[in-house]
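To start, the structure itself, in structure tokens.
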Amino acid sequence: MDLPPLPTAPVHAVVETHHGVEVVDPYRQLENLADPEVRVWARAQADHAAAVLASIPGRDRLRERIDELAAAAAHSVGAVERLADGRIAFFKQPAGADLAVVCLRDHNGDDRVVVDPATLPQPADGHVSLSFFRASPDGQRLLYGFAASGSEEETLRVRDLASGRDLPVEIDRLESAYALPSWMPDGRSFTFSRRQLPKAGAAAADAYQFTQAFLHVADPGDGPGHEVVVFGQGAPGSPDLEPMDFPAVIVSPGSAWAIGQVHHGDEQDLSLWTLPLADLGTPQARWRPVCSRADLVTDFTVHGDAIYLVTARDAPRHKVVRTSLVAPDLARAEEIVPAGEAVVTSVAAAADALYVGLTRAATRGILRVPVARPEDAVAIATPAAEPSVSVAAATVGLPGILIRGGSWIRAGRIHAFDPATGTLADTGLLPVGRFDAPDNLVATEVLVASHDKVEVPLSIIHRRDLVRDGTSPAILSGYGAYGSSTPMQFSPTSLAWLERGGVMAIAHVRGGGTFGKAWHHAGRKATKPNTWKDFLACAEYLVREGYTAADRLAARGGSAGGILVGRAITERPDLFAAAHVAVGCTDMLRFETTRNGPPNIPEFGRMGDPEEFRGLFAMSTLHHVADGIAYPAAILTHGINDPRVEPWQSFKTAARLQAASASGRPVLLRIDYASGHGIGSTRSQGHAELADVWAFILWQCRDPEFQPAGSPASVHSQPVPMP
């Protein structure tokens with residue numbers, strides 16, 4: 001088959017010295033996406049990857065199966081919100097639909113579409129997707145956000161639910177990643193956060209500086225209203241914030257207090273201030289501190305005049321404490337949920353109690369804590385088929401909560417918890433699909449000793465009849481950053497891999513939050529090598545125990561998980577047949593220069609600090625690719641509109657691997673020109689990428705149904721110069 005050639009990247013080496021270390025960057029030119037030569041090279045790479053993937057015999061059948069599995073249920077459900085009157089708003093994506101709509105379920109169980117992205121202005125080449133919604137306290141209006149083609153450049157609008165029409169309010173440059181807008185008690189005004197308008201010629205790294213929190217003050221009628229800065233730079237009585245702090249103002253129903261929240265870049269630990277709600281947006285506003293980042297607070301909720309904080313201060317696996325908003329004093333805060341073996345991950349308030357999220361390895365649970373008698377806390381019993389549960393929706397105005405169940409091998413339901421009876425009832429929000437409960441899968445949880453004898457949880461999912469003789473293809477996934485953990489969840493589309501005898505495994509490595517704050521800090525900055533060394537230990541376990549073999553094992557990770565996968569294959573290229581790096585962070589010495597680089601300094605480090613530079617160098621895949629090494633096959637996938645990880649991260653690493661690898665195995669750069677970081681992608685885009693990646697891995701793992709005719713697994717691998 002004739003294929004478009006694999007082009008050689010332009011080489012214009014840049015040599016720099018950092019803290020006495022000379023660093024050579026042969027592909028600096030690829031960072032300039034506006035350069036015509038770079039554009040031609042990238043498009044040729046994308047065309048080549050598309051042609052190679054299309055030549056894999058089983059790919060189209062795999063895509064058809066993924067589509068079939070996904071369409072077996074009438075619809076899927078995303079974010080859920082309980083309105084004060086008992087109705088439920090939620091994201092609903094019908095089977096076969098590319099994008100989710102916002103629906104409102106009334107008391108009779110009938111669903112009404114209230115926002116459809118197809119009705120919004122569409123870009124010439126792409127799509128618009130919804131990113132969030134928030135119903136007003138009286139249920140009459142809806143805030144919603146949308147963005148084009150995965151760009152995450154959000155715009156906010158206000159919809160009148162009775163008429164179905166938008167009010168004349170439109171706010172761009174919205175910053176909702178750290179906190180969603182909050183309604184004021186009148187159901188007409190609201191708070192939101194907004195990025196500054198970029199200045200002409202400003203560096204990309206300045207894009208997120210000096211975000212501000214605003215109050216939108218509604219007009220007496222339905223006019224456009226106006227905005228007032230209420231927290232952050234230029235706001236009356238606001239504390240001084242750092243340029244890369246992300247402020248937001250959060251208003252809780254039934255409380256007389258506003259909370260000023262600050263995310264310090266992408267760091268988990270929050271700083272919080274409080275203000276009487278009546279003073280918000282007035283000259284007499286004076287914000288009072290509740291906690292600083294040194295208090296290691298990662299979540300909070302407000303109930304009346306009290307604030308409840310999840311803190312890791314003197315509690316590595318976190319605890320919940322309470323202080324008054326009238327006179328906040330964290331030093332004398334009352335302990336509500338003491339530290340224990342389980343990791344405290346979240347806290348939410350309902351009318352009857354607090355609902356506290358707990359994690360034990362890969363399993364999540366919920367503790368109900370009565371506000372008046374926290375000593376009477378009791379764990380909510382989980383459904384037998386859904387061992388992992390989390391709070392899906394809670395509101396201070398209503399008793400009980402909505403709970404989303406989870407499992408590695410069954411689709412979860414959305415349940416309503418009734419505190420009066422202590423029972424769960426299926427809400428019916430999620431219809432039962434034909435492939436939701438396969439009876440031939442098993443999931444196993446094990447602990448694997450890492451390089452330093454620390455035990456790392458590993459989840460393994462496969463068919464019940466698997467023979468552990470090393471012949472099964474396996475995908476090992478991991479992430480390991482920001483203190484986040486991977487919850488138990490099952491998608492019927494995974495059957496397209498599992499039913500072929502494939503193994504799926506998830507390594508809960510350090511850098512994540514599986515065992516709390518210490519687990520997170522053991523895998524960031526200077527300790528980041530633990531992240532990929534934990535992953536390598538889990539890979540070795542899968543091979544040693546016969547689940548797979550090195551020539552049938554693939555590594556997979558995305559975004560910050562690209563650090564894990566990239567460094568795993570550069571440290572142990574012999575341990576993997578293939579690797580998938582999705583929107584991956586792979587050039588950590590240049591990450592700080594990007595738009596999203598400065599917010600990530602708390603997680604990864606700063607180039608100007610000698611010790612942190614050494615940590616960045618250690619975790620940078622690009623700088624550990626060596627000539628003449630037999631690397632595994634690799635597929636790097638990226639959306640060209642990615643605002644979180646610049647596409648050139650994948651460009652440079654693909655080019656380096658193509659030039660350096662001696663294995664003859666393919667290195668593909670798959671570029672989607674109508675997506676970004678994956679957020680806001682359509683269902684079709686997601687399924688197409690999944691089919692491409694799994695087909696690529698099956699090809700490299702020697703599945704006979706996925707071998708191009710007359711070609712070994714190393715076909716299509718040699719770059720040629722650009723014409």
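In this chain, residues are counted from 1 in sequence order.
Residues Glu455 and Phe515 are not in side-chain contact: their nearest non-hydrogen atoms beyond the backbone lie 4.5 Å or more apart. Within the 4.5 Å cutoff, the side chain of Leu698 has heavy atoms near those of the Arg500 side chain. Side-chain contact between Leu495 and Leu69: present, with at least one pair of heavy atoms (C-beta onward) separated by less than 4.5 Å. In this structure the side chain of Cys538 reaches within 4.5 angstrom of the side chain of Val456, judged on heavy atoms. Between Val446 and Glu545, the closest side-chain pair of non-hydrogen atoms is not below 4.5 Å. A heavy-atom distance below 4.5 Å is found between the side chains of Pro419 and Arg368. Side-chain contact check for Ile461 versus Ile506: some heavy-atom pair is nearer than 4.5 Å. Contact check for Ser494 versus Met504: side-chain heavy atoms found under the 4.5 Å cut-off.
In this structure, Leu325 and Gly304 approach most closely via the heavy-atom pair CD1-O, 4.3 Å. Minimum heavy-atom separation, Ser485 to Pro487: O-CD, 3.4 Å. When all heavy atoms of Ala350 and Tyr355 are compared, the pair lying nearest together is CB-CE1, 3.8 Å. Residues Pro181 and Arg134 come closest through the heavy atom pair O-NH1, 3.0 Å. Here the closest non-hydrogen pair linking His263 and Gln268 is CE1-O, 4.4 Å. In this structure, Pro374 and Val371 approach most closely via the heavy-atom pair CD-O, 3.7 Å.
Panel note: side chain Glu81, backbone Ala135; a donor-acceptor pair is recorded below 3.5 Å. Using a distance-only test at 3.5 Å, with no hydrogens or angles considered, a donor-acceptor pair links the side chain of His75 to the main chain of Leu429. Remark: side-chain polar atoms of Thr682 are paired, donor with acceptor, to backbone N or O of Gln685 under 3.5 angstrom. With hydrogens and angles disregarded, no donor-acceptor distance shorter than 3.5 Å links the side chain of Ser255 to the backbone of Val302. Judged purely by atom type and a 3.5 angstrom limit, Arg317 uses its side chain to pair as donor or acceptor with the backbone of Glu341. Put simply, the side chain of Ser131 gets close to the backbone of Gly145: a donor and an acceptor are under 3.5 Å apart. In terms of modelled atom types and a separation under 3.5 Å, the side chain of Asp106 and the main chain of Asn108 share a donor-acceptor contact. Side chain of Ser189 to backbone of Met184: no donor-acceptor contact under 3.5 angstrom is found. At distances below 3.5 Å, at least one donor-acceptor pair connects side-chain atoms of Ser407 with backbone N or O atoms of Ile409. Judged purely by atom type and a 3.5 angstrom limit, Asp98 uses its side chain to pair as donor or acceptor with the backbone of Ser684.
Ring planes of His303 and Tyr308: perpendicular class, angle over 60° (limits at 30 and 60°). Ring geometry for Phe246 versus Tyr178: interplanar angle under 30°, hence parallel rather than tilted (30 to 60°).
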Review point. Going through the distances and angles, do His580 and Thr637 end up as a side chain to side chain donor-acceptor pair (under 3.5 Å)?
Key: CA-CA 8 Å; His580 173 213; Thr637 59; 2.9 Å; yes
Review point. Does the side chain to side chain contact (heavy atoms under 4.5 Å, CB included) test come out yes or no for Val389 and Phe417, once each step is laid out?
Key: CA-CA 12 Å; Val389 294; Phe417 174 72; over 6 Å; no
Review point. Going through the distances and angles, do Leu156 and Phe190 end up as a side chain to side chain contact (heavy atoms under 4.5 Å, CB included)?
Key: CA-CA 11 Å; Leu156 177 150; Phe190 54 88; 3.8 Å; yes
Practice item. Take Leu120 and Arg157 through the test side chain to side chain contact (heavy atoms under 4.5 Å, CB included) and record every step on the way to the result. Key: CA-CA 11 Å; Leu120 301 175; Arg157 287 186 178 181; 3.7 Å; yes
Review point. Would Leu476 and Leu458 satisfy side chain to side chain contact (heavy atoms under 4.5 Å, CB included), going step by step from the backbone distance to the final call?
Key: CA-CA 10 Å; Leu476 176 62; Leu458 174 66; 3.8 Å; yes
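Annotation: cation-pi pair Arg159/Phe146 absent, no NZ/CZ under 6.0 Å from the ring centroid and within 45° of its normal.
The line from CZ of Arg463 to CG of Leu498 is 9.5 Å long, rounded to the nearest 0.5 Å. Rounded to the nearest 0.5 angstrom, Ser484 OG and His520 NE2 are separated by 8.0 Å. Distance check: Leu354 CG to Ile366 CD1 gives 13.0 Å after rounding to the nearest 0.5 Å. Note: Lys319 NZ to Ile336 CD1 = 11.5 Å, rounded to the nearest 0.5 Å. With rounding to the nearest 0.5 Å, the separation of CZ in Arg59 from CG in Leu62 is 9.5 Å. Here CG of Asp426 is found 12.0 Å from CD1 of Ile403. Values are rounded to the nearest 0.5 Å.
Taking 4.0 Å as the cut-off between side-chain N and carboxylate O, Glu68 and Arg65 count as a salt-bridged pair. The existence of a salt bridge linking Arg87 and Asp85 is confirmed by a sub-4.0 Å separation between a basic side-chain nitrogen and an acidic carboxylate oxygen.
Under 3.5 Å, the side chains of His508 and Thr486 contain no donor-acceptor pair of N or O atoms.
Within 6.0 Å of CZ on Arg165 lie no more than 12 heavy atoms contributed by other residues, nucleotides or ligands.
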